[in-house]
Amino acid sequence: MKKWIFLAACMLTAGTLSAQNYIIVNSEKIFKSLDNYNQAITSLDELAKQYQSQVDAKYEEIEKLYNTYQSQKQSLSAATRQARENEIITKEQEAQEYQESLFGQEGELMKKRLELIQPIQEQVFGAIEAYAKEVGADMVLDSSNNPTLLYNNPAIERTQQVIDALKK
């Protein structure tokens, strides 16, 4: 009796698995095939470098203040030392806030990233969805950056077809 139940369960599982139609795409390869994506990434990299140099300049200014303070510390009165220390701490806090305003989750760089990349993502994901519907796929797996994808049959790899559809 147990054999028949096990056999029936195996047949149902095999029937269900064979009925699923899925494809695999490499979204990273798709994105890198688009000129506007590459230009956006280059633009974001340049903006990040510009922002980083501005932040570095603020921290260099703080370092100069601190070095000057350290060299003059012995000759300053207690009140002057405290005022200088407070000034340095305030400048450090301002620099950290400025850095967060540029590089944080709600920072300028993230806003610019969303502005430049999100429309491209929507276009790519739309093309993937359209292609999947066209070929009757029930599921699309992304092979980029997926540490659990150990093997995929090249016959179900559809990255190039999606790239071709995007370029039409």
Side-chain angles (χ1 to χ4, degrees), residues 10-67 87-168:
C10 287
M11 290 175 66
L12 284 173
T13 303
T16 303
L17 290 176
S18 66
Q20 291 179 346
N21 183 13
Y22 59 95
I23 60 173
I24 296 176
V25 296
N26 183 332
S27 63
E28 185 177 340
K29 185 176 179 181
I30 294 170
F31 281 113
K32 288 183 177 180
S33 75
L34 300 173
D35 291 336
N36 55 348
Y37 176 79
N38 292 323
Q39 291 168 355
I41 293 298
T42 301
S43 173
L44 288 170
D45 289 346
E46 290 171 2
L47 189 60
K49 285 179 188 175
Q50 177 186 352
Y51 286 164
Q52 188 59 51
S53 68
Q54 293 171 1
V55 169
D56 289 345
K58 288 190 177 289
Y59 280 107
E60 285 175 18
E61 178 185 340
I62 294 166
E63 189 174 342
K64 286 178 186 175
L65 280 174
Y66 180 75
N67 290 338
E87 178 187 8
I88 292 169
I89 290 169
T90 301
K91 292 236 182 235
E92 282 180 335
Q93 289 172 342
E94 288 172 359
Q96 289 172 349
E97 289 171 5
Y98 181 69
Q99 184 174 13
E100 182 68 24
S101 75
L102 295 177
F103 294 107
Q105 291 287 15
E106 302 293 323
E108 293 300 315
L109 190 61
M110 184 58 74
K111 289 176 185 175
K112 191 66 171 176
R113 180 175 204 72
L114 287 173
E115 176 187 322
L116 294 175
I117 300 296
Q118 193 168 17
I120 300 168
Q121 284 178 326
E122 290 172 1
Q123 177 189 10
V124 168
F125 295 148
I128 291 171
E129 181 180 346
Y131 181 79
K133 287 179 180 177
E134 180 184 318
V135 298
D138 297 318
M139 181 176 19
V140 177
L141 300 173
D142 187 357
S143 64
S144 68
N145 301 324
N146 189 350
T148 58
L149 184 61
L150 300 177
Y151 170 78
N152 69 295
N153 185 342
I156 59 173
E157 174 71 42
R158 298 291 192 264
T159 303
Q160 190 58 49
Q161 289 84 343
V162 173
I163 291 171
D164 295 342
L166 273 167
K167 293 190 176 185
K168 288 182 181 177

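Between Phe31 and Tyr37, the two ring planes are tilted [angle within 30° to 60°].
Within the 3.5 Å criterion, the main-chain N or O of Ile163 finds no donor-acceptor partner in the side chain of Lys29. Side-chain atoms of Thr42 come within 3.5 Å of backbone atoms of Asn38 as a donor-acceptor pair (strictly under, hydrogens ignored). Under the 3.5 Å distance criterion, the side-chain polar atoms of Asn21 are left unmatched by any main-chain donor or acceptor of Asp138.
Evaluation of the salt bridge (charged side-chain N to carboxylate O under 4.0 Å, His left out) rule for Glu108 yields Lys111 as partners, not counting sequence neighbours. Taking the side chain to side chain donor-acceptor pair (under 3.5 Å) definition, one finds that Thr159 meets it with Glu157, sequence neighbours left out. Checked against side-chain contact (heavy atoms from CB on, under 4.5 Å), Ala48 has the following partners two or more places apart in sequence or in another chain: Phe103, Leu109.
Distance NZ/Lys112 to OG/Ser43: 6.0 Å, rounded to 0.5 Å. Atom CD1 of Ile41 and atom CG of Leu34 lie 11.0 Å apart (nearest 0.5 Å). To the nearest 0.5 Å, the span separating CG on Asp142 from CD1 on Ile30 amounts to 7.5 Å. Expressed to the nearest 0.5 Å, how far CD of Gln123 lies from CD1 of Ile128 amounts to 11.0 Å. Here the CG atom belonging to Leu116 is positioned 11.5 Å from the CD atom belonging to Gln121, to the nearest 0.5 angstrom. Atom-to-atom distance recorded for Gln160:CD and Asn26:CG is 11.0 Å, nearest 0.5 angstrom.
When each of Gln54, Gln52, Lys58 is tested with Asp56 by the rule side-chain hydrogen bond (donor to acceptor under 3.5 Å, both in side chains), just one qualifies, namely Gln52.
The two residues Met110 and Gln105 have their closest heavy-atom pair at CG-O, 3.3 Å.
Within 6.0 Å of CD on Glu122 lie more than 12 heavy atoms contributed by other residues, nucleotides or ligands.
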Checklist entry - Can you list the steps and then say if Lys64 with Glu60 is a salt bridge (charged side-chain N to carboxylate O under 4.0 Å, His left out)? => result CA-CA 6 Å; Lys64 286 178 186 175; Glu60 285 175 18; 5.5 Å; no
Next on the checklist: Does Leu44 form a side-chain contact (heavy atoms from CB on, under 4.5 Å) with Ile117? I'd like the steps, not just the answer.
Outcome noted: CA-CA 10 Å; Leu44 288 170; Ile117 300 296; 3.9 Å; yes
Next on the checklist: As a quick check of understanding, evaluate side-chain contact (heavy atoms from CB on, under 4.5 Å) for Val25 and Tyr131, giving each step before the final call.
Outcome noted: CA-CA 11 Å; Val25 296; Tyr131 181 79; 5.9 Å; no
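By the 4.5 Å heavy-atom criterion applied to side chains, Tyr66 and Glu63 are not counted as neighbours.
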